[in-house]
Amino acid sequence: MAARLIDQDEALDTAEDWLRQHLSDWSREDVREGSRNPDDDAWRLLHGWEGAESYYWLGVLRRHQGRKVEAYRSFKQALDYHAQPWRVYRQLYVLASDEGDVDQAVDYLMQSLAAGNRSPKDMDQLSQSLQEHYAYRGQPHRFFAAQRSVVTFTDATASGLHGIRSQRVAWGDYDNDGYDDLLLDGPRVLRNQDGRGFKDVTTLLGGNVVRGSHGGSWADINNDGFLDLFVVHRDGNRLYINENGSGFRDVSTQTPSFMRVAPIQTEASAWGDFDNDGWLDLYLANYESRGVERGFCDPDQLLRNQGDGTFTDASDYAGVVLEEPLCGRGLVWSDLNGDGAQDIVVSNYRLDPNLVWLNTGSGSFREAGAALLVRGKARHGAYGHSIGSAVGDVDNDGDLDIYTTNLAHPRYLHYSDRSQLLINTLSSSNAFTNQDLKLGIRFEETNADPVLADIDNDGDLDLFVTSVYRGRFSHLYLNNGVMTTIGTAIWIWLSGAPTA
C-alpha cells in the first residue's frame, strides 16, 4: 500500500509512517528471534528482502520530497540487504544525475545494468551519457573495462557456432594441431580450424552415432598421444577410440562395463588415475532412475582402466559405494590434501550432501565430505541442489580450494544451501571454510556450472559461473585478493550477444 501511495504521489506522510512502522516491527522481530547469530550473511539473504523493500520505498519517497541526503541513506541501507539491487542503483543514478555528478551517475547506471536491469531505455541512456560527457562512441562494456583495466571479450560466435545450441561443452585437441576442438550435445564434434572458426566433423565418429547425447569428456585412455572420446547417453554411454586424429572407432561393445550402464542416467563423467598405474580411470556421477519417483538415484561408478583397452567396475573394490545412492550432477578429480593421490569431489542434487572421496593411496577411497565441511550445511535433513564444482588455488596459498554451485531459491534458504566458496584450511583446522559472501561473491538463485581460470593473466584464478534458468545472467568475478564482480553477462549483453 505504501508503494502505491508513493507511485501515485499521494498521502506521502502516511506512507512514510507505514514504512517506518514496518521497519521497526521487522527490526524487533530480528532481535527477538536472534536470527543474526551466528550466520548474519545467511540471515540477510533469507530475511533481508523484507527490510530492503521498505528502505527502497522510503528512499523513493524521500527523493520525491527533495530530501536527498536521507534518500541516499535509505538506498544505501537497502543495498545492505537486497540480493538483486538493480532498482536501488537505478534510483541512485537518478539522484546523482539530479546533482550533476556525471561520473557517479554513469557508474550507478552501469551497476544497475550489471545487477539485472534490462531496460532498453537505460542501455540507450548509458550510451548517450558516454557520448555526451566522455566523447565515447564505442561499446559501453569496453569503456568500463578500460577504466578498470580489465579484459574484454569479442563475440566470435559467427565463426562456425552461430545458431548452435548445446547444454554441455567439452574442449579437447583431438587432432594434435595445437587448437582445442569442441564436443557438444548431439553428439557433435567441431574441429577448430587454426583459430579461424569451427567445422562440424561429427562424421568422424562413424556410422554408429546414437543421437541424443548430453555431453561427455576427452581423455587419452590408451596412452597413444591422441585424445579419445567418452559420450554420455541415456540409452547407453559410448566410448570412441581416436585413430591418430583421422577418425574415431566405437569400442563400446568391446568394453562391457560401459554397456552395463545403459539403463543408468549419467550426468557427469571425469577421468583420473586413482591407482597411479599410469592409465586413466573413469568416474561416473549418476542421477535419477527414469520412470521412478524423484530423488531415487542410481549409484555412481568407478571404472578402472585395465591398460588393454578394457575397463572393470571397481566401485566396490575402491569403496565408492554408498548405502543409499545420491543424485550426482557434477564431479572433479584433484589432489585436495597434497598426498600425491587423486581425490574426487562429487556435487549432488536433490538436497543431497556433496561427497569428497579421499584417496587412501592404496587403491581405495574414504568419504570425508562431512569431516572436511564440504557436504554443505545440514538443515532439517537437507543440504543443497548442487550442480557443479571447480577446484583451484583461489587464495594463492599453495593448497586447493573448492567453489560449489547450488540452485537456491530464496524462499527455501532456511533449509537449502546457497553456492559456496570453500577455502582450504586443512593445515590449521582440518576442514574447509565457506567465504563466498566475505570475498565478494553475490548470491544468485540459479547458479549452475563454475569454472576457475586466470582470465586477466595476473597470476590468480578468476571465477565464471553460469545460470541454469533461461534469461538469467552468468557472472564473471575477477580475483584481486578479494573477489569482485566486474558485472554479470552485462559485458556480453551490452555488446549485443545473447545473455542466456
Side-chain angles (χ1 to χ4, degrees), residues 60 63 68 71-72 75-76 79 84-165 194-198 440 442 444 451 453-458 462-467 470-480 483-500:
V60 174
R63 183 178 66 78
K68 295 182 179 179
Y72 266 119
F75 289 134
K76 294 295 187 180
L79 286 176
Q84 295 179 332
W86 70 266
R87 293 187 307 164
V88 182
Y89 283 122
R90 180 66 174 76
Q91 292 292 333
L92 288 170
Y93 155 73
V94 174
L95 276 173
S97 296
D98 290 344
E99 293 181 347
D101 190 343
V102 175
D103 290 339
Q104 187 64 75
V106 168
D107 187 69
Y108 280 142
L109 185 55
M110 184 277 295
Q111 291 187 67
S112 175
L113 292 164
N117 181 359
R118 294 194 168 202
S119 167
K121 180 180 178 180
D122 285 345
M123 285 192 290
D124 291 342
Q125 179 60 55
L126 180 60
S127 296
Q128 182 178 338
S129 295
L130 294 179
Q131 291 182 31
E132 291 179 354
H133 300 288
Y134 303 99
Y136 182 83
R137 289 177 170 77
Q139 296 175 329
H141 76 289
R142 295 189 181 278
F143 174 84
F144 292 107
Q147 293 289 314
R148 300 184 181 194
S149 300
V150 298
V151 296
T152 61
F153 293 86
T154 300
D155 184 358
T157 308
S159 59
L161 299 176
H162 183 72
I164 294 177
R165 300 183 64 88
D194 302 333
R196 298 190 303 272
F198 290 87
R442 296 174 180 170
E444 164 59 50
V451 174
D454 187 3
I455 298 295
D456 50 1
N457 289 332
D458 66 349
D462 310 301
L463 174 67
F464 182 74
V465 189
T466 64
S467 285
R470 180 174 296 180
R472 293 295 185 94
F473 286 119
S474 299
H475 298 260
L476 175 59
Y477 294 92
L478 289 185
N479 187 342
N480 60 356
M483 288 280 192
T484 55
T485 179
I486 63 167
T488 55
I490 184 67
W491 303 106
I492 303 172
W493 179 32
L494 287 177
S495 66
T499 59

(message) My understanding is that only residues two or more places apart in sequence, or in another chain, count here; which of them pass side-chain hydrogen bond (donor to acceptor under 3.5 Å, both in side chains) with Ser129?
(response) Gln125

(message) For Glu132, give me all partners under side chain to side chain contact (heavy atoms under 4.5 Å, CB included), at least two apart in sequence or on another chain.
(response) Gln128

(request) Indicate whether the side chain of Thr157 and that of Asp155 have a donor and an acceptor atom separated by less than 3.5 Å. (result) yes

(request) Could you pull out the closest heavy-atom pair between Val60 and Phe75, with the gap in Å? (result) N-CZ, 3.4 Å

(message) Applying salt bridge (charged side-chain N to carboxylate O under 4.0 Å, His left out), can you list everything that pairs with Asp194, at least two apart in sequence or on another chain?
(response) Arg196

(request) Give, for atom CG of Leu95 and atom CG of Asp101, the distance between the pair rounded to the nearest 0.5 Å. (result) 11.0 Å

(message) Please give me the minimum heavy-atom distance between Arg118 and Met123, naming the atom from each residue.
(response) O-CE, 4.4 Å

(message) So, using salt bridge (charged side-chain N to carboxylate O under 4.0 Å, His left out) as the criterion, who are the partners of Arg90 when residues are at least two apart?
(response) Asp122

(request) Grab the two heavy atoms, one from Leu126 and one from Val106, that are nearest each other, plus how far apart they are. (result) CD1-CG1, 3.9 Å

(message) Quick check: do Leu92 and Leu79 have side-chain heavy atoms less than 4.5 Å from each other?
(response) yes

(request) With the side chain counted from C-beta on, respond yes when Arg63 and Val94 share a heavy-atom pair under 4.5 Å apart, and no when they do not. (result) yes

(request) Return the set of residues passing side chain to side chain contact (heavy atoms under 4.5 Å, CB included) with Ala105 (not counting sequence neighbours), or none when no residue passes. (result) Tyr93, Ala96, Ser97

(message) Within the structure provided, determine whether Leu463 and Leu476 are in side-chain contact (heavy-atom separation under 4.5 Å).
(response) no

(message) Give me each pair satisfying ring-ring contact (aromatic ring centres under 6.0 Å, His included) with a member in residues 103-135, each pair once, sequence neighbours excluded.
(response) Tyr134-Phe143

(message) Taking the side chain as everything from C-beta on, heavy atoms only, tell me whether Asp103 gets closer than 4.5 Å to Asp107.
(response) no

(request) Considering non-hydrogen atoms only, spot the tightest contact between Gln131 and Tyr136 and give its length. (result) CG-O, 3.2 Å

(message) Could you work out, with side-chain hydrogen bond (donor to acceptor under 3.5 Å, both in side chains) as the rule, every residue matching Ser467, not counting sequence neighbours?
(response) Thr446

(request) Provide the closest heavy-atom pair for Leu478 versus Ile455 in the form atom of the first, atom of the second, distance. (result) CD2-CB, 4.4 Å

